[in-house]
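Here the structure comes first, spelled out in structure tokens, and everything after it is commentary.
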Amino acid sequence: MPTLNYPSTLRKHNARFCDEPMNTRSTSTDDSESTPPDPYEVARSGTAFWADAAADAIEARNPEEPVVLKGGVSPSGIPHIGHFNEILRCYFVAEVLRERGHEVRQVFTSDDRDRLRKLPRQLADENWEIVGLGDVDAGALGRNLGRPYTDVPDPFGEADSYGEHFTNLLRRSVERLDIPVEFVSNTELYESGAFDDAIRTVLSNRGTARDLLAGYQDGVDEGYVPFFPVCESCGTLTGTATGVDLDAWTVSYVCEDIETGDDVIEGCGHEGTTSLRNGKLPWRFEWPAQWDVLDVDFEPFGKDHAEGSWPSGTDIARQLFDNDPPVGMVYEWFTLEGAALSSSAGTVVTIDEVLDLLEPEVLLYFFSKRPLKQRDFSIENLDQLVDEFDRFERVALGDSDPGGSDRKQRAQQVYPMLADSEEHLRIPYTFAAVLGMTDDPDLREEIARREGHIPEDASEQAVAGALDRVEQARTWASRTGNAFDYELKRSQMPEVSFDPDTEQALDELAAFVAEGHDGDAIQNRIFELAEEYDLEVGGFFGAGYRLFFDDTEGPKLGLFLAKLDRQFVVDRLRRQR
RNA sequence: GGGCUUGGAGCCUAUGAGGUACAGGCGUGGGACUUUUAAUCCCGAGACAGAGGGUUCGAAUCCCUCCAAGCCCUCCA
């Protein structure tokens with residue numbers, strides 16, 4: 001027995017969901033021992049961290065070491081943050097299990113033998129540049145509809161296939177997040193024969209397989225053969241196998257039209273026979289086959305699978321493969337700015353993009369939250385997420401605990417999974433955005449110090465780390481064009497027109513600046529001049545912001561002007577350049 | 001049609017195995033820092049937990065009905 005250190009309340013909780021009958025229309029008469037916990041319950045964790053509950057459920061199965069956690073997606077297009085549920089939900093559970101002394105293997109299957117069903121409207125090249133379908137040879141790509149992703153050429157001509165191209169992109173994002181993941185190609189599993197036993201099991205028990213599936217799906221009739229061969233003539237993953245010869249390890253087929261949603265992929269009509277390694281199992285069988293072949297103990301999945309392929313999959317795992325299905329966990333989908341994430345519709349945020357806007361630990365933090373909650377990823381309001389993380393970090397590190405001890409305990413548990421143990425100095429995100437108005441690193445630091453965001457005794461390294469956020473926040477501000485998007489208009493003077501009083505006041509201010517005064521003095525002078533010329537204070541400041549930022553707002557003007565080179569300021573105040 | 005998930009102040013995030021929501025943040029109103037903005041500090045307003053029933057001494061937390069959004073019963077994190 002490993003020493004487990006978690007609250008006793010949790011144990012009670014586990015007992016609860018382990019004993020509950022599965023919430024499906026399973027037709028099986030299995031004993032409770034092989035009934036996996038309800039994947040919704042696994043995602044709910046009461047007062048504990050959800051990954052703890054998942055780890056509990058996994059331990060309840062007495063898994064063999066190493067414990068295998070798996071995720072997977074089809075490489076159908078641009079990998080976006082939603083796909084990372086498959087990676088990061090596993091990651092947190094893996095971390096918990098490691099803490100408990102388990103050996104863990106985190107696996108990701110690229111379901112790359114799935115067929116290309118339709119062309120996405122957008123693609124991303126090997127440099128993560130998003131390009132429209134029109135920018136590649138869409139015609140050539142279109143001729144590959146119906147083929148497995150690994151048989152479709154990479155439209156960018158770099159990788160071996162379309163599937164490999166997008167898998168590579170995803171893998172690189174995983175690497176940027178520094179998550180240890182083993183990638184497995186589904187196509188390779190088929191080609192290497194790793195799936196042979198599973199295929200044999202399905203096809204030699206066709207009647208059982210059919211009956212099982214028919215309990216969950218309509219349209220599974222007598223002639224149904226649960227295998228899709230690749231047509232040797234046109235390369236399409238066909239839908240109609242007509243017979244199998246297990247001794248010869250072949251399957252015969254007719255290459256008929258395939259309906260995929262609204263579209264129909266035309267078959268070439270070829271009738272042929274091919275190897276059982278040249279094709280694939282239908283998803284409903286393939287998933288449990290993966291569990292069996294890879295010895296999967298845990299798998300998170302999107303809510304789209306929760307009511308369909310999960311119940312049938314667990315049933316098939318037990319009854320057909322005689323295998324205990326893994327612990328499943330449902331997660332809700334993210335939205336982007338309130339809209340569904342969709343590669344084809346172009347509502348996509350990639351990990352790469354996000355990491356230009358915030359630190360990896362903030363992104364991980366987003367994924368550490370309750371899985372069943374529908375969450376919006378909002379770039380518009382990204383500052384709120386970062387602020388929330390900063391608070392979370394402070395609580396975890398013990399500086400304060402406004403939310404109570406439970407919250408603190410959780411923070412202390414989760415935080416080490418997000419960030420390294422080095423000292424992190426954080427400048428508030430929106431303030432960092434404002435600092436982006438100047439390119440001068442020294443000036444940035446000075447302003448940050450002046451405003452109290454950098455303590456006297458901060459190490460050089462910590463300061464540098466803190467200022468790294470400025471670039472991210474500035475990118476965010478300029479990308480969203482929000483209120484923090486200040487940019488010093490140094491090279492060219494914005495178009496301005498002021499009334500005569502304002503112009504005179506600006507000239508006097510220029511003269512004052514020319515004399516050489518510190519920031520406070522200049523700030524005071526601005527107020528005095530506004531009074532002397534009977535100008536609205538706000539309006540006069542506004543004139544300054546217009547001149548220097550082409551905006552109505554800006555930083556504390558006097559202090560800021562004092563930091564810039566004097567002649568430039570004087571000239572600009574005189575509207576000369 | 002059947003099933004599932006989510007639903008807290010203007011917004012975000014918690015809590016959620018029944019026991020008073022003075023919760024935190026953002027935003028907002030006011031004030032302080034010699035006087036607009038950013039930042040910092042103080043104070044204030046703001047929800048009775050989607051709606052309605054029920055169980056209970058007591059429910060945001062259990063049950064029922066309904067509503068909204070999303071998902072599944074073809075493929076899709």
When you measure from the side-chain N and O atoms of Gln384(A) to the phosphate of G10(B), is any distance below 4.0 Å, counting only OP1 and OP2?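 No, no such contact exists.
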Has Arg284(A) got a side-chain N or O lying under 4.0 Å from the OP1 or OP2 atom of C75(B)?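 Yes.
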Could you tell me which nucleotide pairs with G10(B) by Watson-Crick or G-U wobble geometry, both distances under 3.5 Å, or answer none if nothing does?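 Answer to the pairing question: C26(B), which forms a Watson-Crick or G-U pair with G10(B).
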Pair assignment for A69(B), Watson-Crick or G-U wobble, requiring both distances under 3.5 Å: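 Per the H-bond distance test, U5(B).
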Integer angstrom distance from the [atom1] of [N] to that of [M]:
| N | M | atom1 | value |
| --- | --- | --- | --- |
| A47(B) | U13(B) | C1' | 15 Å |
| A49(B) | A9(B) | C1' | 10 Å |
| A51(B) | C67(B) | C1' | 7 Å |
| U55(B) | C11(B) | P | 33 Å |
| G19(B) | G58(B) | C1' | 6 Å |
| C63(B) | C4(B) | P | 12 Å |
| G46(B) | C26(B) | C1' | 14 Å |
| G7(B) | C12(B) | P | 12 Å |

Is the ring of Phe527(A) stacked on the base of U35(B), with centres less than 5.5 Å apart and planes under 30° off?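 Ring-base stacking flag set for Phe527(A) and U35(B).
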Just call it for [X]: base, sugar-phosphate, or nothing, with non-hydrogen atoms closer than 4.0 Å on any strand.
| X | answer |
| --- | --- |
| Ser74(A) | sugar-phosphate |
| Asn524(A) | base |
| Arg370(A) | base |
| Phe540(A) | nothing |

[atom1] of [X] versus [atom2] of [N]: gap in Å, rounded?
| X | N | atom1 | atom2 | result |
| --- | --- | --- | --- | --- |
| Phe377(A) | U13(B) | CZ | P | 12 Å |
| Gln523(A) | U35(B) | CD | P | 8 Å |
| Asp304(A) | G70(B) | CG | P | 15 Å |
| His453(A) | C41(B) | NE2 | C1' | 13 Å |

So does Asp440(A) pair up with Arg444(A), basic N to acidic O under 4.0 Å?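 No.
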U5(B), A39(B), C75(B): which one has an atom nearest the side-chain heavy atoms of Tyr40(A)?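 Of U5(B), A39(B), C75(B), U5(B) is nearest to the side chain of Tyr40(A).
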Measure from NZ or CZ of Arg115(A) to the centre of the six-membered ring of Phe228(A), then state whether that distance is under 6.0 Å and the direction lies within 45° of the axis.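 Yes, a cation-pi geometry.
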Given Thr236(A), which partner from the list Ile258(A), Val230(A), Leu145(A) fulfils the side-chain contact (heavy atoms from CB on, under 4.5 Å) test?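 Only one of Ile258(A), Val230(A), Leu145(A) forms a side-chain contact (heavy atoms from CB on, under 4.5 Å) with Thr236(A), namely Ile258(A).
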